[in-house]
Amino acid sequence: MSARIRTFMGVAFAVLALVACRDEMPDMQDPRANTDIYNWSQLFDCYWTGMNYNYVFWDIDPTDWDAVYDEYKPRFDALADKGFGDKAVNNEAFGLLEELSSGLIDGHFSVSVACPDTTYFFSPSEARKQQLPGYHPYDGQVLVDYANMLLGLHDAGRFSDAHLVLSQESGNALYASGILDEDIVYFRLSSFMLTEHVGTGDAVDRIVANYHDLLDNYPTVGGVIIDVRQNSGGYLVDMPLVLGKLVNEETLMCYTRQKGGIGRLDYTPWVPEMLKPTERVRELDVPIVVMADMNSISMAEMTTRAVQTLPNGCFIGEQTYGGQGTLINSNSGFNMFYGGYFSNNAMRVYTTMTMTKGVDGVIAEGKGLVPDIEVPFDGENLKNGVDTQLERAVQYIRTGE
């Protein structure tokens, strides 16, 4: 392998997480406080109440949560004397939980229940995604295929001044930066876990530093490609590392809001989220392409949305996953924000604490962002070293169309 590309295999990364009433109950019941759940009736009450308080999408979600209570409460009560010891009853009860939760639009949302013989798990957004035409799952082997494709481009002389790292320990991760076709700065990241590496001198730090150096100092830059396909999200604070050198002034990316009280529809005002420029040597007035797919979620979607707001930005690929809120993976979230993740001894519910809308006012939660240029995933060509989505991005930078 040429000395111009450094490949590091088996690098381990530490993944840190950021992250019976109606609209309002007179006495707040924190679903985390009740840790003695012994049957499905208690679990349903805890789940319904927790979602009634915590969920941030009730003003736009099509689910009638009051009707859910009226319909399903008697059905769970009928299972109250069964406990969690009967496999057939557990299957039936969790099937009801899936059924009543199936329309929830939060792309991050999932519910899991730990029974003595089985742990049940359900993600409505994942279930819906599997029904889409052209569905392809998040797959570590695909990241390996992307890495091999980049190595092939390097061997062919098309990917130079490059650094690449593929980790297959504790989950797959792919990071890369370099020059594509002599004048396109290319930056690939499979998660937003950059901040913990910056300044350490490790492989990921060198990839980020190389990306920044190319933006500042490479003699001729004709375009920039930021590749967040198969990216599951991560740190909000990574945004300036990825986009800070590409803007000249504070730029409005989107608006967010969260719960502001215990009422179902108690919200804070919409807060503008700004992208701030970082120190740079020069301004780049060139096409900026973000590449994303149906497995791009959370920070990957926020980055995609941010690029789309730029006058020289373009999104190429597939409609994204549809989970754009921020998360706090902590039991303190409810008390601090009136929303987010909650759990007890029997159940874990994972839900975002913020709602996001675009500069255009569009809320894409549960739907995903629509590409400016749609190019479906082509796994067969990728296995043979041809990335049709990447080639389309190169074409756009060259021709503007």
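For reference, positions follow the sequence shown, starting with 1.
In this structure, F109 and Y47 have tilted ring planes: the angle between them lies in the 30° to 60° band. Ring planes of F187 and Y211: parallel class, angle under 30° (limits at 30 and 60°). Between F44 and F76, the ring planes lie parallel to each other; the angle is under 30°, not in the 30° to 60° tilted range.
Take Y72 and apply the ring pair (Phe, Tyr, Trp, His ring centres under 6.0 Å) test, not counting sequence neighbours, and it matches no residue. Not counting sequence neighbours, the partners of F94 by the ring pair (Phe, Tyr, Trp, His ring centres under 6.0 Å) test are Y120.
Between R392 and D378 no salt bridge is recorded (no basic side-chain N to carboxylate O distance below 4.0 Å). Ion pairing of E318 with K129 is absent here, as no side-chain N (NZ or NE/NH1/NH2) approaches a carboxylate O to less than 4.0 Å.
Between the side chain of R188 and the backbone N or O of V228 there is no donor-acceptor pair closer than 3.5 Å. At least one donor-acceptor pair under 3.5 Å links the side chain of W48 to the backbone N or O of W65. Not one N or O on the side chain of D161 forms a donor-acceptor pair closer than 3.5 Å with the backbone of I179. In terms of modelled atom types and a separation under 3.5 Å, the side chain of S177 and the main chain of I207 share a donor-acceptor contact. With hydrogens and angles ignored, the 3.5 Å screen pairs a side-chain donor or acceptor of E365 with a backbone N or O of G107. Q230 contributes no side-chain N or O that, together with a main-chain N or O of S190, makes up a donor-acceptor pair within less than 3.5 Å. With hydrogens and angles ignored, the 3.5 Å screen pairs no side-chain donor or acceptor of T118 with any backbone N or O of C115. Checking side-chain atoms of N295 against main-chain N and O of H136 turns up a donor-acceptor pair under 3.5 Å. Using modelled atom types, one side-chain atom of T320 and one backbone atom of L369 make a donor-acceptor pair closer than 3.5 Å. With hydrogens and angles ignored, the 3.5 Å screen pairs no side-chain donor or acceptor of S41 with any backbone N or O of A80.
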Apply side-chain contact (heavy atoms from CB on, under 4.5 Å) to residues K367 and V362 and explain how you reach the verdict. CA-CA 11 Å; K367 303 173 184 177; V362 173; over 6 Å; no

Salt bridge (Lys or Arg N to Asp or Glu O under 4.0 Å) between R158 and D181, intermediate numbers included: CA-CA 5 Å; R158 293 186 58 194; D181 289 346; 2.7 Å; yes

Step by step, work out the salt bridge (Lys or Arg N to Asp or Glu O under 4.0 Å) result for D183 and R398. CA-CA 10 Å; D183 67 347; R398 296 292 182 230; 2.8 Å; yes

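A donor-acceptor contact closer than 3.5 angstrom is absent between the side chains of N384 and E380. If you check the side chains of K82 and N90, you find no donor sitting under 3.5 Å from an acceptor. At a cut-off of 3.5 Å, with distance as the only test, a side-chain donor of Y267 or D59 sits close to an acceptor on the other residue. In summary, the side chains of Y55 and D61 do present a donor paired with an acceptor at a separation below 3.5 Å, with no hydrogens or angles considered. Side-chain contact of Y235 with S191: a donor-acceptor pair under 3.5 Å is absent, judged by distance alone. When only modelled atom types and interatomic distance are considered, N381 and T388 share no side-chain donor-acceptor pair under 3.5 Å. D293 and S296 are linked by a side-chain donor-acceptor pair at a separation below 3.5 angstrom, with hydrogens and angles left out of the test.
By the neighbour-count criterion of 12 heavy atoms within 6.0 Å, atom CD of E279 is sparsely surrounded, having that number or fewer from other residues, nucleotides or ligands. Heavy-atom contacts from other residues, nucleotides or ligands closer than 6.0 Å to CD of E182 number 12 or fewer.
Taking every heavy atom of both residues into account, P272 and L252 meet most closely at CB-CD1, 3.6 Å. In terms of heavy-atom proximity, E99 sits nearest to R75 at OE2-NH1, 3.7 Å.
For the pair M253 and R305, the minimum side-chain heavy-atom distance is 4.5 Å or more. Here the side chains of W58 and K259 are not in contact, with every heavy-atom distance at 4.5 Å or above. Between W40 and E92 the shortest side-chain heavy-atom distance does not fall below 4.5 Å.
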